[in-house]
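Read the structure below first, then the notes.
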Amino acid sequence: MLSPIPSRIIKLSYPEKSTNGVRTSISEVQVSKNVNTVYDAVSFFEKNIFPILTKTLEHNKVKEKVALRDILNIHNDDGIRDLAQVRRMTRAVRSGKHIFSMGIPNVKIVKTRENELLLFDGHHSMLAYMNAGKRYLEEIPHMIIEDKDKGYIDDKDIIVFYGEHSKEIPNHDWRRYVIDWQAVKEKQLCRRVQRDMGELFCAIKNRIK
């Protein structure tokens, strides 16, 4: 008997001030030869599902508060180079705006086997939200990706975020490492210094005031 084709689940969430709740959607992206990494699933979602999704968002109450400081990072503080961008984004958030790319949240997260949340895209955006005083995930637009059947993304799939350096990570143990795409190639894979977004924000907050 053939195994069922696995799928990724992509959850969108937008804060809603008027109700103190959120607008959410849940979409399924089937894994295939051309759509097999988290990046592929996000790209497929953006091109094929999101354009017809915006009118189907549901209003929901927040079931569980998730502190931004507890979300895992994939960059150390020296990998956050464009501090001016964080400052600009901070001013925008303080003025009541949110940070999107073509209507899609900049903040993109996966759920891990240990039920952690790992930010793989949108560090500048999340730091700007934190700098503007946001404390909980419900307060910011975001996307969470997980496997439909498992409810999380495997470690072997998480190391795709490290690009060609994934082969340098023994036993898929990504928690010990971060990536710095601005460094020279030989120094892009780094030992983790900050353990989560709380520590990362503390490391740079005096430079983004």
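- Electrostatic pairing of K111 and D147 does not count as a salt bridge here, judged by no charged N lying under 4.0 Å from a carboxylate O.
- With respect to the salt-bridge test (charged N to carboxylate O, under 4.0 angstrom), the residues R69 and E199 do not qualify.
- With W174 as the partner, the side chain to side chain contact (heavy atoms under 4.5 Å, CB included) test is satisfied by one option alone out of V160, I74, I159, I179: I159.
- Y129 and H98 have their aromatic ring centers within a separation under 6.0 angstrom.
- The side-chain heavy atoms of T112 and Y152, taken from C-beta on, include no pair separated by under 4.5 Å.
- Within 6.0 Å of atom CD in E64, 12 or fewer heavy atoms from other residues, nucleotides or ligands are found, so the atom counts as exposed in its surroundings.
- Residues V62 make up the rest of the hydrophobic cluster containing V22, defined by ILVMFWY side-chain heavy atoms closer than 4.5 Å, directly or through other members.
- Counting heavy atoms from C-beta on, the side chains of V29 and I10 come closer than 4.5 Å.
- Separating the OG1 atom in T90 from the CD1 atom in I99 is a distance of 7.5 Å, to the nearest 0.5 Å.
- With hydrogens and angles disregarded, a donor-acceptor distance shorter than 3.5 Å links the side chain of N76 to the backbone of R191.
- A donor-acceptor contact closer than 3.5 angstrom is absent between the side chains of S43 and D40.
- With rounding to the nearest 0.5 Å, the separation of CG in D180 from NZ in K185 is 15.0 Å.
- Membership of the apolar cluster around I9 extends to I26, as traced through chained side-chain contacts below 4.5 Å between ILVMFWY residues.
- A 6.0 Å sphere centred on CG of N171 holds no more than 12 heavy atoms belonging to other residues, nucleotides or ligands.
- You'll find the side chain of L137 reaches within 4.5 Å of the side chain of I109, heavy atoms only.
- Side chain of Y162 to main chain of K167: no donor-acceptor pair is present (N/O by atom type, distance under 3.5 Å, no hydrogens or angles).
- Residues N106 and S101 have side chains that never bring a donor and an acceptor to within less than 3.5 angstrom of each other.
- Ring-plane geometry between Y14 and F100 is classed as tilted, the angle between the planes lying from 30 to 60 degrees on a 0 to 90 degree scale.
- From I145, atom CD1 reaches atom OG1 of T37 across 10.5 Å, with rounding to the nearest 0.5 Å.
- Put simply, the side chain of D173 never gets that close to the backbone of P170: no donor and acceptor are under 3.5 Å apart.
- Side-chain contact between D157 and R8 is present, with heavy atoms from C-beta onward closer than 4.5 Å.
- Between atom CE of residue M126 and atom CG of residue N131 there is a gap of 13.5 Å, rounded to the nearest 0.5 Å.
- Remark: the backbone N or O of G163 is not paired with any side-chain donor or acceptor of H165 at under 3.5 angstrom.
- Note that CG of L200 and CG of L68 are 12.0 Å apart. Values are rounded to the nearest 0.5 Å.
- A salt bridge links D77 with R207: the closest approach of a Lys/Arg side-chain nitrogen to an acidic carboxylate oxygen falls below 4.0 angstrom.
- Annotation: the span from C190 atom SG to H75 atom NE2 amounts to 10.5 Å, rounded to 0.5 Å.
- Using a 3.5 Å distance cut-off with no hydrogens or angles, the side chains of N73 and R192 do pair a donor with an acceptor.
- Between the side chain of E16 and the backbone N or O of G21, no donor-acceptor pair lies under 3.5 Å.
- The pair K65-E139 fails the salt-bridge criterion, with no side-chain N (NZ, NE, NH1 or NH2) lying under 4.0 Å from an Asp/Glu carboxylate O.
- What you find for R195 and L72 is that their closest heavy atoms are O-CD2, 3.5 Å.
- Donor-acceptor pairing under 3.5 Å is recorded for the side chains of S7 and E28.
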